[in-house]
Structures are given as structure tokens and as C-alpha cells.
Amino acid sequence: MTQKVALITGSSRGIGKATALRLAQEGYDIVINYARSKSSALKVAEEIEALGRKVLVVKANVGDVSKIKAMFQQIEEEFGRLDIFVNNAASGVQRPIMELEENHWDWTLNINSKALLFCAQEAAKLMEKNGGGKIVSISSLGSIRYLENYTVVGVSKAALEALTRYLAVELAPKNIVVNAVSGGAVDTEALTHFPNREELLQEAKEKTPAGRMVEIEDMVNCVMFLLSENSSMIRGQTIIVDGGISLLV
Ligand SMILES: NC(=O)c1ccc[n+]([C@@H]2O[C@H](COP(=O)([O-])OP(=O)(O)OC[C@H]3O[C@@H](n4cnc5c(N)ncnc54)[C@H](OP(=O)(O)O)[C@@H]3O)[C@@H](O)[C@H]2O)c1
């Protein structure tokens with residue numbers, strides 16, 4: 001059992017899919033997780049198998065702690081270990097503050113914040129069996145600045161970043177490194193849920209100091225750096241990958 005294993009939540013498409021494929025290329029066996037899009041998840045699994053790696057596909061809504069526990073049970077039965085956990089799955093209700101309801105808050109915070117805590121607990125139990133591991137979460141600029149209609153998602157990502165700091169301290173004795181990557185707008189399917197998608201894309205294209213929008217691979221490159229040995233003294237940080245757009249007023 002020396003073959004290393006990586007779990008990427010929400011890896012049926014977008015940034016999660018690209019991260020899963022990159023980790024497979026780097027030689028990891030992969031756990032693909034999704035909530036609804038089974039056929040996309042199975043296609044990603046086929047791509048990973050074509051790279052010669054083993055893959056486990058788990059349907060689990062990470063907003064539900066019992067589903068999280070069942071997913072880790074499956075991982076333990078299939079692989080008996082876990083080395084990397086990328087907390088990527090996200091969802092959320094995009095509404096102005098006066099239109100937000102209690103279930104919008106619960107749905108968003110459960111998937112985007114609570115899932116990190118309870119996945120990290122289960123991941124840590126598996127990781128410590130083999131001497132440690134690495135956890136990276138994906139956040140967004142709405143955690144630190146105002147974005148239209150983004151209140152609950154922004155708050156959920158702020159909680160995720162705070163939790164990243166707490167996990168980094170308490171999991172360090174288990175030799176588990178915990179960090180996050182926060183991105184500017186990336187043109188994935190997620191943006192189709194933004195009422196102001198066109199405006200957001202236009203702004204990112206025109207105003208990003210680096211001269212172009214952030215692409216999926218920019219996010220994956222930073223995730224891979226935080227999963228590498230080169231970054232082992234970076235703990236509890238959220239690294240912003242936005243081409244400099246958050247530096248503007
Ligand atoms: N796109 C951006 O502009 C941007 C910018 C900064 C940060 N981010 C962050 O990057 C991450 C990935 O975003 P993306 O743009 O790649 O999103 P995406 O294309 O919408 O993909 C989201 C993934 O998460 C899964 N998912 C959603 N709810 C889930 C749940 N409850 N349980 C398990 N899986 C679930 C989806 O699978 P199903 O379809 O099966 O539900 C899908 O695989 C997110 O954390 C997002 O906040 C995105």
C-alpha cells in the first residue's frame with residue numbers, strides 16, 4: 001500500500017476536474033466526488049483510468065455529514081489510505097441581502113464551510129496512519145471584498161479561510177499541512193449561476209493587471225505548489241491567484 005491517494009471534492013468538472021487530472025498525471029490514485037452530475041464524473045474517471053491510475057467515484061453531498069462519513073468509509077475500504085484532500089466542491093445562493101432566507105444560508109454554509117471541518121476530521125484520521133498529508137481548499141475573493149449578490153457565499157468562504165488557519169495549527173502535530181487558494185473569476189460552469197456573469201467576465205478581462213483573466217490551470221498550478229514539498233513551511237495561508245485584480249480599488 002505505497003501508492004498515494006488523493007480526494008478532490010466536486011471533481012466532476014471545472015477546477016476540481018482539472019486538479020484531479022493533474023494529480024493523476026503526477027501518479028496519484030484518485031477519488032472523484034460529485035453530488036449530481038454522474039455522467040460527467042464517470043467521464044473524468046475514464047480519463048484518469050486512461051492515465052493508468054486507479055479511480056473511485058463517490059456520489060456524496062458534502063453538505064451532509066453522514067454522506068461525508070460514508071464517503072471516507074468507502075475510501076478506507078477501497079484504498080486504505082489518503083495522502084491529499086482538495087476541498088473544492090462549492091455551491092451557493094446568489095441574492096441581495098434583503099432576499100436571503102434561512103435555508104439559503106444553511107445550504108451555502110453547509111457545503112462551503114461545514115464540509116471542510118468534517119472532511120478534514122475524516123481525512124486526518126486516514127492521513128495520520130501513513131505519517132501525514134496535505135489539505136488545500138479553494139476560496140474566492142468574496143471572502144475579503146464586496147461582490148454583488150455574493151453575501152452568503154462570501155461569508156462561507158471567509159469561514160473556510162478562518163477554518164484553514166485553525167486546521168493548520170491543530171493538524172500540524174499529525175504532519176498535515178493545511179492551506180487554501182483563492183481565485184479571481186474563472187470562466188467555469190459555476191459562473192452561469194451568477195446573475196451578473198457577463199459584467200463580471202468583462203471586468204476581469206479588461207481590468208486584471210496581469211492582462212488576462214485567471215484560467216483553471218492558474219488555480220491548479222497554485223494548488224499543486226501547496227501540495228508539494230517546496231511549500232511545507234507555508235501553513236494556514238490563503239494564496240490569492242487573481243492576476244492582481246483585488247489590488248485595485
Ligand atoms: N469559477 C470561479 O470564478 C471561481 C473563482 C474562485 C474560486 N472558485 C472556487 O473554485 C471551486 C470550484 O469551482 P468551479 O468554478 O470549478 O465550479 P463548478 O464548475 O461549478 O464545479 C463545482 C463542482 O462541485 C460539485 N458540487 C457542487 N455541490 C456539491 C456538493 N454539495 N457536494 C459535492 N460536490 C458538489 C459539482 O458537482 P455536481 O454537479 O455533481 O454537483 C462540481 O463538480 C469552488 O470552491 C469555487 O468557489 C471558483
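Position 1 is the first residue of the sequence, and the numbers go up from there. Note that the structure is predicted; figures quoted are calculated from it, not measured.
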Using the rule side chain to side chain contact (heavy atoms under 4.5 Å, CB included), only one of T19, D218, N179 pairs with V223; which is it?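 Testing each of T19, D218, N179 against V223, the sole residue satisfying side chain to side chain contact (heavy atoms under 4.5 Å, CB included) is T19.
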
Main chain of [Y], side chain of [X]: is a donor-acceptor contact present, judged purely on distance under 3.5 Å?
X	Y	result
T9	A89	yes
N88	G10	yes
D187	E215	no
S182	T238	no
D83	G133	no
N112	K157	no
E161	A159	no
S11	N33	yes
H193	A190	no

Any side-chain heavy atom of [X] within less than 4.5 Å of one from [Y]?
X	Y	value
F79	V31	yes
V214	T208	no
L56	I75	yes
L227	V86	yes
I84	V136	no
P209	L247	no
W105	E102	no
M224	E217	no

Treating Ile, Leu, Val, Met, Phe, Trp and Tyr as nodes and any side-chain heavy-atom pair under 4.5 angstrom as an edge, say whether [X] and [Y] lie in one connected cluster.
X	Y	value
V5	V178	yes
L167	M127	yes
I216	L201	no
L160	I144	no
L23	V57	yes

Under the side chain to side chain contact (heavy atoms under 4.5 Å, CB included) rule, what do V186 and M213 come out as? Steps first, then yes or no, please. CA-CA 7 Å; V186 185; M213 279 189 63; 5.6 Å; no

To the nearest 0.5 Å, what is the distance between [atom1] ([X]) and [atom2] ([Y])?
X	Y	atom1	atom2	answer
Q94	L100	CD	CG	10.0 Å
N230	L226	CG	CG	10.5 Å
I15	I138	CD1	CD1	6.5 Å
L163	S139	CG	OG	11.5 Å
Y150	L141	OH	CG	8.0 Å
R81	N130	CZ	CG	4.0 Å

Donor-acceptor side-chain pairing of T108 and S156 below 3.5 angstrom: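 No.
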
No-hydrogen, no-angle side-chain donor-acceptor test under 3.5 Å, E206 and Q202: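 On atom types as modelled, these side chains qualify, holding a pair under 3.5 Å.
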
For S39, give me all partners under side-chain hydrogen bond (donor to acceptor under 3.5 Å, both in side chains), at least two apart in sequence or on another chain.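 Testing S39 for side-chain hydrogen bond (donor to acceptor under 3.5 Å, both in side chains), a comparison that skips the adjacent residues, returns none.
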
Short N-O contact, D242 and R145, less than 4.0 angstrom: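 R145 and D242: not salt-bridged.
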
E76 bridged to K129 by N-O distance under 4.0 Å: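 A salt bridge links E76 with K129.
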
Stepwise side chain to side chain contact (heavy atoms under 4.5 Å, CB included) check, E199 with E148: CA-CA 11 Å; E199 202 184 310; E148 208 178 336; 4.2 Å; yes

What heavy-atom pair brings [X] and [Y] nearest, and what distance separates the two atoms?
X	Y	value
K67	A60	O-CB, 4.0 Å
S137	L116	OG-CD1, 3.4 Å
W107	G92	NE1-N, 4.1 Å
G131	N175	O-ND2, 2.9 Å
V93	R95	CG1-CG, 3.5 Å
A24	I30	N-CD1, 3.7 Å

One pair to check against side chain to side chain contact (heavy atoms under 4.5 Å, CB included): V181 and M219. What are the steps and the verdict? CA-CA 7 Å; V181 176; M219 296 292 287; 3.9 Å; yes

Give the table of side-chain donor-acceptor pairs shorter than 3.5 Å for residues 41-55, with sequence neighbours excluded, one pair per line with atom names and distance.
residue : atom : partner : partner atom : Å
R53     : NE   : G27     : O            : 3.4
R53     : NE   : D29     : OD1          : 3.2
R53     : NH2  : Q3      : OE1          : 3.4

Tell me whether the rings of F85 and F72 are parallel (<30°), tilted (30 to 60°) or perpendicular (>60°).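 F85 vs F72 ring planes: perpendicular.
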
